[in-house]
Amino acid sequence: MASMKTDMTADIEKNLEKTRDGRDLSVLDLYSIDPLTHEDLSLIFDLAPLFRAAKTEKLTLCRGKTQINGFFESSTRTMASFDLSGKHLGMDTTNVGGGSSMSKGEGYLDTVMTLDAYNPAVIVMRTRQSGVQEMVARHVNAAIINAGDGWHEHPTQGLLDALTLSEHFGDIDMTGRIITVVGDVMHSRVFGSLVRVLTKLNATIRIVCPQTMKPIGLEKYGCTVFYDLAEGVTGAHAIYALRVQEERGAKGHIPTLREYSKLFGIKPSHLAIAAKDAIVMHPGPVRREVDMAPELAARHPQSRILRQVENGMAVRKAILWLLSTRCDGRQKESVRL
Ligand code: CP
């Protein structure tokens with residue numbers, strides 16, 4: 001049994017190396033979707049299905065490397081997914097949060113430089129504030145991966161969402177596909193990354209939100225904004241619901257959650273007017289009865305919410321492998337100096 005597993009691991013890794021074909025990402029860190037090229041997206045989307053098929057197989061691709069997960073804001077799926085992904089790749093992983101030096105007055109830069117002194121290949125970071133990951137990336141040798149920064153971006157979420165959509169459409173190019181994003185776009189870093197990646201893939205993006213939640217600067221992404229949910233989902237190929245982000249002050253932008261849910265909660269009647277076989281997505285955590293009707297969450301045949309979670313592991317494994325094996329300290333330093 002043990003030797004069979006070794007053979008299986010070897011076959012999976014051979015296939016991954018063959019598919020990678022010596023390719024690297026064009027970036028040393030992942031703090032935004034912005035700098036990613038089409039080649040980067042293709043590379044991630046080529047590798048992710050192989051990682052998904054490998055499931056929990058213990059690989060050796062990153063053996064001997066260290067991954068530090070710094071979640072300075074709470075998380076369930078992203079933290080579990082990064083931690084398990086690193087372990088499945090053979091990395092030593094450890095988790096730190098906001099409970100120690102940050103609460104004693106140390107800033108992000110000193111905290112991350114301290115963690116970098118342990119020589120990790122990768123530091124994964126979630127922060128309440130925007131822009132921290134980009135700032136610290138300039139000062140450390142480890143590859144910095146943004147697991148969500150304030151209201152700004154959540155790049156691995158955007159990538160797993162794009163993978164889920166491209167799987168459903170059967171094509172990475174989304175020309176002619178309508179994706180309707182519903183809800184609290186104003187406070188959503190998930191939307192921040194989703195809109196960037198979908199624009200790169202030529203999707204048609206519709207937004208449905210209360211007038212008081214319309215973010216500034218949507219025009220540059222060519223999004224069409226609707227204030228009526230039925231209008232916005234008519235003919236859509238995917239409906240992507242967002243959570244009302246109370247922790248970022250969203251309740252100050254709506255009358256009550258009950259009224260919000262009546263006007264902007266996704267219901268089965270909305271799927272009936274969307275395109276045939278349209279899918280429903282949500283980044284989680286889902287607020288049933290607020291963001292969507294309970295019957296649409298998770299197990300509905302047109303829901304892809306749990307597939308998004310699965311794809312999160314696959315995408316994160318691809319990114320961890322690519323960045324940890326591209327970015328040995330010297331290489332990053334020589335680029336930066
Ligand atoms: N989608 C997402 O970021 O979920 P968590 O907050 O649980 O990580």
Side-chain angles (χ1 to χ4, degrees), residues 30-33 44 48 52 67-88 93-99 122-133 144-165 167 179 181-198 238-251 266 279-288 290-292 296-299 303-320:
L30 181 62
Y31 45 77
S32 169
I33 295 289
I44 295 164
R52 192 180 51 232
Q67 172 188 334
I68 301 181
N69 303 313
F71 279 76
F72 303 100
E73 189 188 59
S74 65
S75 167
T76 302
R77 61 229 82 215
T78 312
M79 188 167 72
S81 165
F82 266 116
D83 192 50
L84 287 170
S85 295
K87 286 183 164 81
H88 292 170
T93 71
T94 190
N95 299 307
V96 296
V122 181
I123 300 176
V124 178
M125 282 184 82
R126 169 170 289 190
T127 59
R128 226 169 244 122
Q129 300 79 4
S130 302
V132 176
Q133 289 79 343
I144 297 288
I145 302 179
N146 179 4
D149 64 325
W151 299 17
H152 178 228
E153 277 209 55
H154 190 350
T156 56
Q157 178 75 48
L159 292 167
L160 75 89
D161 291 336
L163 175 67
T164 307
L165 286 161
E167 253 177 21
I179 291 111
V181 185
V182 182
D184 184 6
V185 280
M186 175 180 253
H187 302 100
S188 176
R189 60 190 173 209
V190 168
F191 176 70
S193 287
L194 185 65
V195 72
R196 284 170 168 87
V197 69
L198 293 184
I239 304 174
Y240 194 113
L242 294 170
R243 180 174 63 90
V244 175
Q245 311 230 345
E246 283 185 61
E247 74 276 25
R248 302 189 210 290
K251 273 175 94 175
I266 313 293
I279 56 171
V280 178
M281 298 170 68
H282 193 299
V286 177
R287 295 186 71 172
R288 294 182 181 214
V290 178
D291 310 331
M292 60 175 56
L296 293 183
R299 303 279 176 205
S303 168
R304 290 296 177 277
I305 296 171
L306 294 177
R307 185 64 165 182
Q308 287 172 268
V309 176
E310 256 190 281
N311 280 341
M313 286 273 284
V315 160
R316 288 175 183 127
K317 282 183 192 177
I319 288 162
L320 286 168

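Heavy-atom basis, side chains included; hydrogens, waters and symmetry copies ignored. Since the model is a prediction, treat every value here as computed from it, not as a measurement. Remember, it's 1-based here, ligands and their atoms both numbered in the order they're listed. Residue numbers run from 1 in the order of the sequence given.
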A.B. asks: Among V122, T78, V124, T94, whose side chain to side chain contact (heavy atoms under 4.5 Å, CB included) with N69 holds?
C.D. replies: V124
A.B. asks: Tell me, which residues have any heavy atom less than 4.0 Å from some atom of ligand 1?
C.D. replies: S75, T76, R77, T78, R126, H154, Q157, P283, G284
A.B. asks: According to salt bridge (charged side-chain N to carboxylate O under 4.0 Å, His left out), who are the partners of R307, at least two apart in sequence or on a separate chain?
C.D. replies: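 Salt bridge (charged side-chain N to carboxylate O under 4.0 Å, His left out) check on R307 returns E167, E310.
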A.B. asks: Can you check whether Q133 reaches I123 side chain to side chain, under 4.5 Å on heavy atoms?
C.D. replies: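 With C-beta onward as the side chain, the pair stays apart.
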A.B. asks: Can you see which heavy atom on V197 is nearest to which on G158, and at what distance?
C.D. replies: CG1-O, 3.5 Å
A.B. asks: Regarding S193 and E153, do their side chains bring together a donor and an acceptor under 3.5 Å, going by distance alone?
C.D. replies: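 Present: a donor and an acceptor within the cut-off.
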A.B. asks: Between F71 and F82, how do the two ring planes meet: parallel, tilted or perpendicular, split at 30° and 60°?
C.D. replies: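 The rings of F71 and F82 sit tilted, inter-plane angle from 30° to 60°.
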